[in-house]
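Everything below concerns the one structure shown next.
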Number of protein chains: 2
Amino acid sequence: MQKETTIINENQAIRLLKQNGLSITDSRKKIVQLFLEQDGALAHGDIEKKAGEKFDRVTVYRTLQVFVDKGIIHTIPTADNSIRYALCKDDCGEGHHHDHHVHFVCDNCGVTYCLDDVVTPEIKLPKGYTAGHVEVVVEGVCKNCKTPFS
Amino acid sequence: MQKETTIINENQAIRLLKQNGLSITDSRKKIVQLFLEQDGALAHGDIEKKAGEKFDRVTVYRTLQVFVDKGIIHTIPTADNSIRYALCKDDCGEGHHHDHHVHFVCDNCGVTYCLDDVVTPEIKLPKGYTAGHVEVVVEGVCKNCKTPFS
DNA sequence: TTATCTTTTGCAACATTGTTGCTTTTTTGC
DNA sequence: GCAAAAAAGCAACAATGTTGCAAAAGATAA
C-alpha cells in the first residue's frame, strides 16, 4: 500500500514536471513528492530534513526557485522569517500565480494549511491606494489539534 | 525646523519608553525616533542603516525584541523573509497586541504601511478550525507612487 | 544505443542574518 | 556621588542564503 501510493505520487510528480517543461531529475521528483504527500506547507528546512540529507542545500534552494517561477508552488508569508511553500492549484502557471485562498497556521502543531475553499475577501483601501494581491494568514487552532469537548 | 522636529520626536520617544518602564538609552531613543520619523514600517536592516552604523547589531536585535515584548512595535509578515516592524497604536501593551489593521506593501517603492483605519475582515473558516489572529497584507501601488492620470 | 549538447547537480567559498555568553559601560534610584 | 541593576558592546558561533564553476546526469537526434 505504502509503495503503491509512492508510485502514484511519483507518476504525478513526473507529469507535473513535464507539463512545465522541466527535466526529470531525482531531486525535483522527490521534492514534488514531498509536497504531494504533505497536508500542509513546507519550509526550506523541512524539505532538507524530509528529503533525508540526500540533496545539496543549494539544489533545494534552486529547485524551489524554479518551482515558484513555473507556478508549481507558491510562497506563504509568515511572521517568523521562514517562508513556506505549498503546491499551487492547476490554474497557476509560469509568470502568473492565482492564489486567492486563505492560509492558516496552527498555534499548536505549527502546520501551515492552504484553505483552498476560503477565498480572500475584498479589502476597501483608503483613497490613492491600488490593490494587487491580497494575502491573508489566519493563526489559530487547526482541525486536528482541536480538543473534542471545547 | 528640522531641529525642532527632532526634539519633539525625542521627547515623544522618551515619554514612550518611560510609559513602558524602560531605561532611557541612546539606542532606544534613536530607534523609537526612527519609527516616529518614518511613514512606513522598518526592517532590521533599515534600522541598522538609518542609525548610521552607530549601534551594534546585537543591540538592535535586542532592542527590537524588547519593543515587541512591551507592545511598542509589532511585526508584519512579508513574503521576502524580512520581518518588518511598525509602531503600535496606544491600545497595545505588554503581552497583548491588538493590531487588527491591514498592512500594505507598495510594489513600486517597497514601503510597508500600516493602514490603521482598515480593519481586518472576519474570515469564515471550515469546520474544526478556530481563528485567533488574522493577518492581512495587501500588495499594490501606494498613494505616493500612484501616477496622476491613471 | 550511442554520441553530443544542454541542463542540473554538488562543491567550495563566501555573504548575510540571527544568537549566545560574558565583560564593560551606562542608567537608575537613593 | 555611589551602589545596584540594566543595557551595550564584543567575540565567537550558528543558521540561512548566494555565486561561480567543474562534474554528472538528462534530453535529443542520428
*Sugar-phosphate atoms are those with a prime plus P, OP1 and OP2; base atoms are the rest. Using that split, label each nucleotide of nucleotides 19-30 of chain D B, S or - for protein heavy atoms under 4.0 Å, 5' to 3'.*
BB-----SS---
*Can you tell me how far the NZ atom of B:Lys143 sits from the CZ atom of B:Phe104, to the nearest 0.5 Å?*
9.5 Å
_salt bridge (Lys or Arg N to Asp or Glu O under 4.0 Å) contacts touching residues 110-128 of chain A (sequence neighbours left out)_ = none
*Heavy atoms under 4.0 Å, any strand shown: does A:Ser82 hit a base, just sugar-phosphate, or nothing?*
nothing
*Between P of D:dG9 and CZ of B:Arg57, the distance in whole Å*: 13 Å
*Going by the side chain to side chain donor-acceptor pair (under 3.5 Å) test, name the single residue among A:Gln33, A:Glu37, A:Gln38 that passes it with A:Lys50.*
A:Gln38
*Please answer: with hydrophobic residues joined when any side-chain heavy atoms are less than 4.5 Å apart, are A:Val118 and B:Val102 in the same cluster?*
yes
*Hey, what do you get for CD1 (B:Ile83) to CG (B:Leu42), rounding to the nearest 0.5 Å?*
14.0 Å
_In this structure, how many angstroms lie between the P atom of D:dA12 and the OH atom of B:Tyr61, rounded?_
19 Å
*Mind jotting down which residue pairs meet the salt bridge (Lys or Arg N to Asp or Glu O under 4.0 Å) criterion with at least one end in residues 12-31 of chain A? Sequence neighbours excluded, please.*
A:Glu10-A:Lys29
*Whole Å only: how far is the CG atom of A:Leu17 from the P atom of C:dT8?*
11 Å
*Would you please confirm or rule out a distance under 4.0 Å between OP1 or OP2 of C:dG18 and any side-chain N or O of A:Asn81?*
yes
